[in-house]
Amino acid sequence: MKPLLFVCLYICCRSVVKGQDFNIPAKETYSAASIARYVQSNFKSDPEKLHAIYSWIITNIRYDKDSMYPINWSLEHEEKISATLRRRRGVCENYATLFADIALKSGFPSFAVSGYTRQHGSVNRAGHSWCAVYLRQQWFLCDPTWDIGNSGNTRYFLITPAEFIESHIPFDPLWQLLEYPLTEHEFDQGFSYSKKDSHFFNFADSVKAFLQLDSLQQLEASTRRVKQAGIGSQRQKDWLAYNQMKIAGIYGEKDMNLYNEAVADLNKANSIFNNYVQYRNSRFIPARPDNEIEGLLDPIALLISGALKKLEQMGKAVENFQYDTGTIKDRFTFLSGRVQEQQSFLKRYLETSVAERERLFYK
């Protein structure tokens, strides 16, 4: 986009929302999906829709540090959103996550960003969260926390990346949304954004690819980028440690699911085997065709093979200390041995004439 056209778009997006009524009925505000539906149905232009979401959040969600852990700690994304709307309070992470979530459900690509800030000429060492949103073929940045109570005169709504970098720098340089990202050192020293002669970064394509990843892949991609950019401060180390904790949590949940699925396969295999044993104890009565009897144990081998593959996938990314895969493998080995014994019996049974088969049950 040519510079003049970009400036016109930016001014349009900032000015079109002034003087508008952005009230959302209370009954529509207890889920992100219902807010999104109301906004889509009752506001015409895209800037109006985004400002309606933004205005409602900064007016109706109260900043409350005591909510940091009850709302954010160990909650899934949707649970975190629901808790914020139910409690009507939160911290910067809740403001950013809620805005990004409702915007996304309203049809605008968006993402909650973590980093730190510079205020009144000084770097604030505490972490902070804000959000990026895609509007009319451009990425903009918003900080609802810094606009709390200013719904009629927002200062940090739909800010261009080149302007936003004056006060906010993300841990992941991708979310500077700049073709020539600043380093942490440059930000800390108060450098203004300007195009450089080298290190061009095609952030548009990178962001598009990033948003197509799942949550685990996004965390891993962000971690790689931050490490590649260089770890220059304790706050970056803390953010990376937090990221690694979230990655470990996701892998831990994957391990849990794999283990539970393997146990389910074992239980199903045991059930098939026990049903076979009962049928054999009844001397294969009621009678079935030989081809059916021959295949009675076949599903067990597939279940064991699939379960063992699941167990082998556990602990690859994050070492497994919680689940005893050795014991369940031993149980599969024991079951495999019993299945082999019965398959040998079935082979003898099917190779024996029908008149002679009865005696095999008494050996």
Side-chain angles (χ1 to χ4, degrees), residues 1 5-6 8-61 76-85 90 93-114 129-145 147 151 154 156-161 164 170 172 174-177 203-215 217-218 221-222:
M1 181 176 289
L5 179 58
F6 179 81
C8 291
L9 170 62
Y10 176 60
I11 294 173
C12 176
C13 290
R14 294 297 300 277
S15 62
V16 73
V17 298
K18 292 185 178 180
Q20 302 293 318
D21 181 7
F22 294 106
N23 291 327
I24 301 176
K27 65 179 181 179
E28 304 290 349
T29 62
Y30 285 90
S31 80
S34 63
I35 294 174
R37 284 193 298 269
Y38 184 86
V39 166
Q40 287 288 75
S41 299
N42 291 273
F43 297 92
K44 295 181 179 180
S45 73
D46 287 345
E48 286 176 351
K49 292 174 183 179
L50 287 173
H51 197 271
I53 300 166
Y54 192 82
S55 179
W56 185 86
I57 290 172
I58 64 178
T59 302
N60 292 276
I61 305 299
E76 297 294 336
H77 175 78
E78 291 299 329
E79 293 174 335
K80 187 182 299 184
I81 297 297
S82 297
T84 305
L85 288 172
E93 180 183 354
N94 303 104
Y95 283 88
T97 303
L98 181 59
F99 177 79
D101 189 71
I102 300 173
L104 186 61
K105 287 181 169 65
S106 300
F108 302 95
S110 53
F111 193 79
V113 181
S114 295
S129 295
W130 57 90
C131 36
V133 63
Y134 194 67
L135 172 66
R136 295 178 177 175
Q137 308 303 311
Q138 294 290 334
W139 279 100
F140 293 94
L141 293 150
C142 306
D143 188 344
T145 310
D147 262 332
S151 60
T154 55
Y156 299 97
F157 174 67
L158 298 182
I159 306 300
T160 62
F164 206 73
D172 183 349
L174 173 68
W175 292 106
Q176 290 187 36
L177 302 171
F203 76 86
D205 288 347
S206 297
V207 170
K208 184 177 180 180
F210 179 84
L211 292 178
Q212 292 175 347
L213 303 176
D214 63 31
S215 58
Q217 292 169 331
Q218 287 181 350
S222 292

To the nearest 0.5 Å, atom OH of Y95 lies from atom CD1 of I61 at 6.5 Å
Taking the side chain as every heavy atom from C-beta outward, state whether F140 and T160 have any pair of such atoms under 4.5 Å apart.
yes
Here the gap from N42 atom CG to E48 atom CD, rounded to the nearest 0.5 Å, amounts to 11.5 Å
inquiry  = Determine whether Y134 and F111 satisfy the following criterion, side-chain contact (heavy atoms from CB on, under 4.5 Å), listing intermediate values before the conclusion.
reply    = CA-CA 9 Å; Y134 194 67; F111 193 79; over 6 Å; no
Checklist entry - Does any non-hydrogen side-chain atom of S45 lie less than 4.5 Å from one of H51? => result no
Sorted by chain and number, sequence neighbours left out, ring-ring contact (aromatic ring centres under 6.0 Å, His included) with Y54 holds for F99, F157
### Query
Is it true that a side-chain atom of T97 and a backbone atom of N94 form a donor plus acceptor pair closer than 3.5 Å?
no
Could you walk me through whether L85 and T29 pass the side-chain contact (heavy atoms from CB on, under 4.5 Å) test, one step at a time? CA-CA 7 Å; L85 288 172; T29 62; 5.7 Å; no
Just so I know, are the side chains of P161 and L141 near enough to count as touching, which here means a heavy-atom distance under 4.5 Å? yes
In short, P109 meets L104 closest at the heavy-atom pair CA-CD1, 4.1 Å
Residue pairs meeting side chain to side chain donor-acceptor pair (under 3.5 Å), one or both in residues 30-41, sequence neighbours left out, come to S31-S34, Q40-K49
Handout entry: Residue pair F108 / L135, side-chain heavy-atom distance below 4.5 Å
Key = yes
**Study point:** Sidechain-backbone polar pair: Q218 side chain, F210 backbone, donor-acceptor under 3.5 Å
**Key:** yes
For S110 and A100, the nearest pair of non-hydrogen atoms, with its separation, is OG-O, 2.6 Å
Requested in this report: Without swapping roles, check the side chain of D143 against the backbone of Y156 for a donor-acceptor pair under 3.5 Å.
Outcome: no
Nearest heavy-atom contact between C142 and L158 is SG-N, 3.4 Å
Next item on the list: Report yes if the side chains of S114 and W175 come closer than 4.5 Å at any heavy-atom pair, otherwise no.
Entry: no
Shortest non-hydrogen pair, I58 vs P144, comes out as CG2-O, 3.2 Å
Note: V39 and A52 closest approach over all heavy atoms is CG2-CB, 4.4 Å
In this structure, CD1 of I102 is separated from CH2 of W56 (nearest 0.5 Å) by 6.5 Å
Across all chains, not counting sequence neighbours, the salt bridge (Lys or Arg N to Asp or Glu O under 4.0 Å) partners of D101 are K105
dist S206:OG -> K208:NZ (nearest 0.5 Å) comes out at 12.0 Å
The residue among I35, I57, I53 that forms side chain to side chain contact (heavy atoms under 4.5 Å, CB included) with L98 is I57
